[in-house]
Amino acid sequence: SDASDAFTVSACYCPNTQVGGSEACAERSDFIQQVGRLYFWTVRLCDVDILDDACVARYGQALPQQPFRIRVSCPPGQACASGSSSNRLRLRSTSDNMALQNWEASQGCRVAADAASTSSLVWAGGSSVSGGTRVDYKDFQGTNPMYLQLPMNSAVEVCYCDSSCSSGSSWLHVGRVQTVQAFAFASTTESGGGEAILEYAGKSGGLAFSGGVISTGDVLDPYDSPRYDNVVSNSLVNLISYDRLPLPNASQVLETQLGAHLSDLPSFQTSLDAACQQEAFQEELLSGPTSRSAAAAYAATASTDRTLLPFDGPSHDQTIMPLMAGALAVCYCGTVNSTGGFVACEDPGTNWIFAGLLVVRGPKGTQVWNMARGLTFGLTVEGWGLQATDRLRILGPGQDCADGGTFDPAGNYSSLHTGCPSTDGSGCTGAAAKHDLELLAVHSTSSASAIYITMAATSATHTTLTFNR
């Protein structure tokens with residue numbers, strides 16, 4: 001069905017009768033017996049009640065380790081009992097039995113109905129929480145909102161019982177809750193301002209997740225998710241190298257170690273989760289959250305409008321500076337504890353999860369060129385995110401790019417000539433004090449033999465790239 005809310009239809013039966021028409025069961029008037037009703041249930045994910053008590057915003061996914069609430073829409077026709085508060089909700093792990101029909105005895109929601117929800121659900125007192133007495137919906141939150149200890153792109157099944165919940169036959173499979181396919185990285189740490197997202201090696205920036213995204217049309221937005229809130233805890237972040245530095249006790253960088261540079265990995269999320277759960281901090285990679293104690297100084301609390309989760313500390317004044325270009329794996333822990341004033345990830349071996357890759361632009365920074373004096377030469381600069389509008393400035397011996405913090409060093413290196421060779425006498429002259437060399441970015445039109453992407457098509461589970469040849 002294309003219906004977006006719960007609905008009820010009647011099932012009518014034709015006992016091989018011919019009331020009208022030329023043959024039995026050929027006309028509507030032949031269906032003279034009502035078999036019963038078909039109830040179609042829906043599940044709505046909402047912001048916690050202090051943000052949206054009426055559940056106006058409707059989401060298709062939940063954020064890992066962030067609070068949300070579930071509203072079960074009751075089909076019309078007394079599918080939910082009037083005035084009763086004995087209803088209950090459980091979330092169960094996905095299994096083959098969940099594909100069975102609700103009337104089958106071994107259906108996943110009916111088996112061990114009085115057992116607790118999956119351990120992935122954190123919901124204090126949830127086993128005794130009622131969805132209320134209304135007959136059009138049941139709203140489940142309780143004193144403590146629920147959240148899921150699951151990585152991205154995971155799912156749990158929603159089981160609902162209207163009454164007599166100790167009996168397996170009373171439980172129905174009414175929907176599914178899945179976590180986001182990807183965390184959305186915000187462009188700034190504040191709505192309409194704040195720090196721009198970290199982008200360049202050697203330049204400080206911010207890092208924030210975006211939420212409160214509602215899908216439009218029939219396609220689920222990969223970032224669709226409720227707003228953030230601070231009713232559970234703060235959140236921590238750790239940035240580890242994906243393609244520049246190996247993790248401790250590893251001889252290869254993550255990308256090579258996993259074989260991700262050669263082929264698509266079905267276990268990519270699981271493998272990166274495991275890497276994040278090593279809780280390895282790399283001081284040589286960045287200036288920022290480089291240890292457990294330093295990460296606490298960058299603990300995130302939701303923005304005022306709850307659409308952003310900026311990792312900039314309690315006073316919202318911390319920034320992060322990458323020290324080298326490359327891809328960073330963003331590790332996230334939304335479940336923290338505080339012991340003796342020290343904030344840390346609770347159970348890091350489970351709660352650290354991979355949130356996405358972030359590319360830091362800049363050259364490799366480790367290149368060495370050997371040139372013959374007196375001959376014309378060119379330079380090839382390798383790196384990440386390089387553009388034709390970037391510039392190169394060559395300094396003399398003993399000079400530093402930082403130039404005492406001004407980052408505007410003067411070359412004054414008279415031995416270097418630019419614009420060579422010269423055919424009209426106007427080029428091949430000594431470099432000016434602040435002469436910037438233009439760069440030619442290698443792209444699809446740079447070479448007739450180049451292989452490049454001509455189209456990218458995304459879906460809920462993968463992205464298909466089409467190359468020119």
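Both backbone and side-chain heavy atoms feed into the values below; hydrogens, waters and symmetry mates do not. Just so you know, residue 1 is the first one in the sequence shown, and it goes up from there.
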> Sequence neighbours excluded, which residues qualify as side-chain contact (heavy atoms from CB on, under 4.5 Å) partners of D243?
Replying inline: E255, A327, W384

> So, D305 versus S191: side-chain donor-acceptor pair below 3.5 Å or not?
Replying inline: yes

>> Keeping R44 on the side-chain end and D139 on the backbone end, is there a donor-acceptor pair under 3.5 Å?
In response: no

> Listed by chain and number, what are the disulfide bond (SG atoms under 2.5 Å apart) partners of C12, not counting sequence neighbours?
Replying inline: none

>> Show, in sequence, the C-alpha distance, side-chain angles and deciding distance for N87 and V72, and conclude whether the side chain to side chain contact (heavy atoms under 4.5 Å, CB included) test is met.
In response: CA-CA 11 Å; N87 50 82; V72 177; over 6 Å; no

>> Once salt bridge (charged side-chain N to carboxylate O under 4.0 Å, His left out) is applied, do any residues pair with D53, and if so which ones, sequence neighbours excluded?
In response: none

>> The criterion is ring-ring contact (aromatic ring centres under 6.0 Å, His included); which residues satisfy it with W123, sequence neighbours excluded?
In response: none

> Taking only residues two or more places apart in sequence, or in another chain, which ones meet E27 in a salt bridge (charged side-chain N to carboxylate O under 4.0 Å, His left out)?
Replying inline: none

>> If you compare all heavy atoms of S251 against all heavy atoms of P246, which two are closest, and at what distance to 0.1 Å?
In response: C-CB, 4.3 Å

>> Restricting to non-hydrogen atoms, name the atom on C80 and the atom on D162 that form the minimum distance, rounded to 0.1 Å.
In response: CA-OD1, 3.6 Å

>> Considering only residues two or more places apart or on different chains, which pairs with a residue in residues 251-289 satisfy ring pair (Phe, Tyr, Trp, His ring centres under 6.0 Å)?
In response: F268-F354

>> Testing the 3.5 Å rule here: is there a donor-acceptor pair between the side chains of S93 and T118?
In response: yes

>> Considering only residues two or more places apart or on different chains, which pairs with a residue in residues 250-286 satisfy disulfide bond (SG atoms under 2.5 Å apart)?
In response: C276-C331

>> Which heavy atom of G60 sits nearest to which heavy atom of D224, and what is that distance?
In response: N-OD1, 2.7 Å

> Where do R58 and C46 land on the side chain to side chain contact (heavy atoms under 4.5 Å, CB included) test, with the steps shown first?
Replying inline: CA-CA 6 Å; R58 184 172 185 166; C46 314; over 6 Å; no

> Going through the checks in order, is the side chain to side chain contact (heavy atoms under 4.5 Å, CB included) test met by I197 and L358?
Replying inline: CA-CA 10 Å; I197 189 171; L358 187 65; 3.9 Å; yes

> Could you give all pairs that pass the side-chain hydrogen bond (donor to acceptor under 3.5 Å, both in side chains) test and reach residues 272-287, with sequence neighbours left out?
Replying inline: Q269-D273, E279-R292, E279-W352

> Given R69 and D49, is the salt bridge (Lys or Arg N to Asp or Glu O under 4.0 Å) satisfied, shown in steps?
Replying inline: CA-CA 8 Å; R69 88 180 195 270; D49 58 6; 5.9 Å; no

> Listed by chain and number, what are the ring-ring contact (aromatic ring centres under 6.0 Å, His included) partners of Y332, not counting sequence neighbours?
Replying inline: F183, F209

>> The criterion is side-chain contact (heavy atoms from CB on, under 4.5 Å); which residues satisfy it with L172, sequence neighbours excluded?
In response: W41, N102, V174

> What pairs with A11 under side-chain contact (heavy atoms from CB on, under 4.5 Å), at least two apart in sequence or on another chain?
Replying inline: V35, L38

>> Quiz question: by atom type and distance under 3.5 Å, do the side chains of Q149 and T335 form a donor-acceptor pair?
In response: yes

> Got a sec, which residues hit salt bridge (charged side-chain N to carboxylate O under 4.0 Å, His left out) with D47, two or more places apart in sequence or on another chain?
Replying inline: R227

> Is the shortest heavy-atom distance from the side chain of L148 to the side chain of F68 under 4.5 Å?
Replying inline: yes

>> Run L245 and M324 through side chain to side chain contact (heavy atoms under 4.5 Å, CB included) and show every step you take.
In response: CA-CA 10 Å; L245 300 174; M324 60 179 65; 4.0 Å; yes

>> Exactly one of R92, R90, R176 should register a salt bridge (charged side-chain N to carboxylate O under 4.0 Å, His left out) with E157. Which one does?
In response: R176

